Amino acid sequence: MITDVEKEILKKELNFELNEKIEKNLIEWEKIFINYNSHTNLMSKNDVNVLFEKHVFDSLAILKWDEFENFKKILDVGTGGGFPSVILAICFPDKKIIANDSRIKKINFIKEIKEKLNLENLEIEYDRVENLEPKNVDLIVSRAVGKMIDVFELSKKHLKKGGKFLIYKAKLLDEEIKNFNLKYKNAKFETIPYKLPIEENFERNLIILNSF
């Protein structure tokens, strides 16, 4: 369930308030996720105990980027258990979210969620991202997948002109950006730091590629 404390965190930290439908879907999503994870490994059992703090909140931390509301078609590369794709699809029904992964057990879970929650704005693509036909999206996002330069190189064909690329990262920012600039010398980045709402000091960053 979504607790009052969690709602307050979303409101205070991300300026995001749940309406009745979103809250109902998140509660149902959590039940399905925990049940599915009990027989098919989507994440470690320890992380399930901090599902909101480490995964739901982190997915929604994209709201710290003021431009996010301007993007209507989003591709999530390597979505895994649906972070951030499913969370974004639930919370922003006006946006088209494409969940991509090449692991069938992850995709099967996303399909189940889409069906049970009737997420009409969620599209599912089972394949390596470089094998997909161009998706012409406004925004590409990726979380906990790999090195920024690698994810970008494999997925950039899906960006429409003027689109943006955003990746969630915990560390090694300077090294990642340095490696990126070795190939794209004119690349310009925006970095937005934030912390997860847990007792330990867990620092995260949104890295947005504004031009390349």
Side-chain angles (χ1 to χ4, degrees), residues 1-72 74 76 79-99 106 109-122 124 139 141-144 166-171 191-208:
M1 63 177 294
I2 304 298
T3 67
D4 289 340
V5 171
E6 290 167 350
K7 291 179 193 176
E8 185 60 30
I9 288 171
L10 291 177
K11 183 177 179 180
K12 180 180 178 181
E13 297 293 331
L14 305 178
N15 195 29
F16 183 66
E17 295 189 60
L18 305 179
N19 62 35
E20 185 177 345
K21 183 177 180 180
I22 292 173
E23 183 175 354
K24 180 181 178 181
N25 276 344
L26 283 175
I27 290 169
E28 185 63 21
W29 161 82
E30 183 181 33
K31 291 177 184 176
I32 298 168
F33 185 96
I34 291 172
N35 179 65
Y36 200 96
N37 197 65
S38 68
H39 59 75
T40 303
N41 185 36
L42 298 171
M43 70 169 55
S44 72
K45 292 181 179 179
N46 288 336
D47 262 16
V48 171
N49 296 329
V50 283
L51 192 55
F52 171 82
E53 294 89 341
K54 277 195 173 183
H55 299 281
V56 175
F57 179 90
D58 194 43
S59 295
L60 291 173
I62 198 170
L63 287 167
K64 289 184 172 289
W65 181 36
D66 292 338
E67 291 185 41
F68 174 67
E69 64 180 22
N70 299 325
F71 297 92
K72 299 300 182 184
I74 302 168
D76 179 15
T79 191
F83 307 104
S85 66
V86 169
I87 304 304
L88 296 181
I90 290 172
C91 294
F92 305 100
D94 60 323
K95 297 183 186 293
K96 174 77 170 183
I97 310 295
I98 305 172
K106 310 287 188 179
F109 169 70
I110 305 294
K111 286 179 177 178
E112 182 171 329
I113 285 291
K114 175 181 171 68
E115 180 181 348
K116 289 187 175 178
L117 298 187
N118 192 30
L119 296 176
E120 295 181 356
N121 64 325
L122 180 63
I124 301 167
L139 176 66
V141 299
S142 189
R143 177 181 177 268
L166 179 150
I167 196 163
Y168 296 71
K169 279 288 178 179
K171 53 186 177 181
T191 302
I192 302 174
Y194 60 97
K195 293 182 180 180
L196 299 184
I198 52 180
E199 290 184 6
E200 61 184 292
N201 186 18
F202 207 111
E203 297 182 352
R204 299 278 289 163
N205 298 272
L206 301 174
I207 307 178
I208 301 104

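All figures in this text were calculated on a predicted structure; none of them were measured in a lab. Starting from 1, each residue takes its place in the sequence as its number.
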Other residues, nucleotides, ligands: >12 heavy atoms within 6.0 Å of [X] [atom1]:
X	atom1	answer
Asp66	CG	no
Asn15	CG	no
Lys24	NZ	no
Lys72	NZ	yes

If I take atom [atom1] from residue [X] and atom [atom2] from residue [Y], how far apart are they, to the nearest 0.5 angstrom?
X	Y	atom1	atom2	value
Lys106	Tyr36	NZ	OH	10.0 Å
Lys195	Arg204	NZ	CZ	14.5 Å
Leu88	Ile98	CG	CD1	12.5 Å
Glu8	Glu6	CD	CD	12.0 Å
Lys116	Lys111	NZ	NZ	15.0 Å
Leu18	Leu10	CG	CG	5.5 Å

Is the gap between the ring centers of [X] and [Y] under 6.0 Å?
X	Y	value
Phe83	Phe33	yes
His55	Phe52	no
Phe68	Phe92	yes

Closest heavy-atom pair and its distance - [X], [Y]:
X	Y	answer
Asn121	Ala89	ND2-O, 3.1 Å
Ser85	Thr79	OG-OG1, 2.6 Å
Ile110	Gly80	CD1-O, 4.0 Å
Lys54	Asp58	O-CB, 3.3 Å
Ala170	Asn205	O-ND2, 3.9 Å
Cys91	Leu60	SG-CD2, 4.0 Å

Keeping the roles fixed (side chain from [X], backbone from [Y]), state whether a donor-acceptor pair exists under 3.5 Å.
X	Y	answer
Lys95	Phe71	yes
Asn37	Met43	yes
Asn19	Lys21	yes
Lys114	Leu122	yes

Take Ile208 and Trp65 through the test side-chain contact (heavy atoms from CB on, under 4.5 Å) and record every step on the way to the result. CA-CA 9 Å; Ile208 301 104; Trp65 181 36; 3.7 Å; yes
CA sep, side-chain torsions, deciding dist, call: Val56, Ile90, side-chain contact (heavy atoms from CB on, under 4.5 Å): CA-CA 11 Å; Val56 175; Ile90 290 172; over 6 Å; no
For the pair Tyr194 and Glu13, evaluate side-chain contact (heavy atoms from CB on, under 4.5 Å) and give the outcome as yes or no after the intermediate values. CA-CA 9 Å; Tyr194 60 97; Glu13 297 293 331; over 6 Å; no
Which is it for Leu206 and Tyr168 under the side-chain contact (heavy atoms from CB on, under 4.5 Å) test, yes or no, and what are the steps along the way? CA-CA 5 Å; Leu206 301 174; Tyr168 296 71; 3.7 Å; yes
